[in-house]
Amino acid sequence: MTALKNDRFLRALLKQPVDVTPVWMMRQAGRYLPEYRASRAHAGDFMSLCMNPEFACEVTMQPLDRYPQLDAAILFSDILTIPDAMGQGLYFETGEGPRFKKVVSTLADIEALPIPDPHKDLGYVMDAVSTIRRELNGRVPLIGFSGSPWTLATYMVEGGSSKDFRKTKAMLYDNPQAMHLLLDKLAQSVTSYLNGQIMAGAQAVQIFDTWGGNLSAAAYQEFSLAYMRKIVSGLIREHEGRKVPVIMFTKGGGLWLESIADAGADALGLDWTCDLGEARRRVGNKVALQGNMDPTVLYAKPEAIRTEVGRILASYGKGSGHVFNLGHGITPEVDPEHAGAFLRAVHELSAQYHE
């Protein structure tokens, strides 16, 4: 494989010295970009975009071509590919988001779920990873990802997105045996899926625990964090002669940073409700930190965006171990010029912290 021309993202995740704070954006290939919208129209729909490796590669590269400041590419895919490969029948309804043709509601439903083979059942994702990696040609590292078991379970039980997770939490408390079986199957699936991405060329991986923060403290430990810990312990941690860092991101997980830092990942993703400097003090030198600007700051003028970037950098302070990111995905209405101002500000303002 081609040597990396820019490895500051990987170095920061391992708390090694860098010249400037590396930056990428969650959902950086997305609807805020006119070129993405054109590709999606050409593909026909979102799933056609995801399931065609050439289209997935095309949209993964679009933000890198527009923003030379980006220090990483992230695979263009969806977190719900695993439940789809388990036979749940993923589809997208306009204005409603992801939906499943089948829902999981009983122990028998869960017992019948297969554990997908990443190469046979999710081969289009592995092909996308290898295609993107070739196209990158060492430009920046490629991030692979998956949803967390708890997050995937919520979609499978609810049949789509939910505001209150009524069915999922009812199963958790009424039938914890069934929920644990579902989460265990998902943990096995995520482990093999991420390992498949690593073998195909992903140089770092992120676990997105989008809905872990909706659990109580006790339930988070038992039904979310325990399964992410299990995944991390089963991942390939070195490939192509260098370490493959793992990022764990629980949206709304700021109360439990110490526990997450002990779960075996190399870095923690933070949403914007955490103070970055306080998070650094709490976790010490155990892990790197990724984040954590409020995505809605990108609706503000470039001068205000620059001020907020400066505040967050000052909060973290001097030294490596910080990957700048948004606290969640960039939203579709953001002006692409504002995203560019954000990325430039990170590199321009962060050099002073790495002398």
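Bear in mind that the values here come from a model prediction, so they are computed numbers and not experimental data.
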Residues H354 and V18: closest non-hydrogen pair is CB-O, 3.2 Å
Salt bridge flag under 4.0 Å for residues D174 and K169: no
Got a salt bridge between R166 and E158, using NZ or NE/NH1/NH2 to carboxylate O under 4.0 Å? no
Does one side chain, of S148 or T151, offer a donor that lies under 3.5 Å from an acceptor on the other? yes
Salt-bridge criterion met for D45 and R40 (N-O under 4.0 Å): no
Ion pair check, D109 and K102, cut-off under 4.0 Å: no
Assess the side chains of Q290 and Q206: does a donor N or O sit below 3.5 Å from an acceptor N or O? yes
K251 side, atom NZ; F249 side, atom CZ - distance, nearest 0.5 Å: 7.0 Å
salt_bridge(R306, E303) N-O dist < 4.0 Å: no
Are there more than 12 heavy atoms of other residues, nucleotides or ligands under 6.0 Å from atom NZ of K120? no
Any Lys/Arg nitrogen of D262 or K286 sitting under 4.0 Å from an Asp/Glu carboxylate oxygen of the other? yes
Under the ring pair (Phe, Tyr, Trp, His ring centres under 6.0 Å) definition, can you give me all pairs with a residue in residues 289-323, not counting sequence neighbours? Y316-H322, H322-F324
ring-ring contact (aromatic ring centres under 6.0 Å, His included) for W150 and Y227? Distances and angles first, verdict last. CA-CA 8 Å; W150 169 254; Y227 290 96; 9.9 Å; no
CD-OG distance between Q221 and S259, expressed to the nearest 0.5 angstrom: 4.0 Å
Ignoring hydrogens and geometry beyond distance, is a side-chain donor-acceptor pair present between D294 and H328 at under 3.5 Å? no
Minimum heavy-atom separation for V346 to L313, with atom names? O-CD1, 4.1 Å
F223 and H180 aromatic ring geometry - parallel, tilted or perpendicular at 30°/60° bounds: parallel
Would you indicate whether R139, at its atom CZ, is surrounded by more than 12 heavy atoms from other residues, nucleotides or ligands within a distance under 6.0 Å? yes
Ring-plane angle category for Y67 and Y32, please: parallel below 30°, perpendicular beyond 60°, tilted otherwise. parallel
Whether the N6 and D71 side chains hold a donor-acceptor pair (N or O, under 3.5 Å, no angle test) is what I'd like checked. yes
Look at the side chain of D271 and the backbone N and O of G252, then say whether any donor-acceptor pair between them is shorter than 3.5 Å. yes
Any pair counted as salt bridge (Lys or Arg N to Asp or Glu O under 4.0 Å), so long as it reaches residues 211-235, sequence neighbours left out: D184-K230
Scan side-chain atoms only and decide if Y353 and S320 contain a donor-acceptor pair under the 3.5 Å cut-off. no
Measure the spacing between CE of M293 and CH2 of W272 and express it to the nearest 0.5 Å. 11.5 Å
Between S315 (side chain only) and R311 (backbone N and O only), is there a donor and an acceptor less than 3.5 Å apart? no
Between D266 and R237, does any side-chain N to carboxylate O distance fall below 4.0 Å? yes
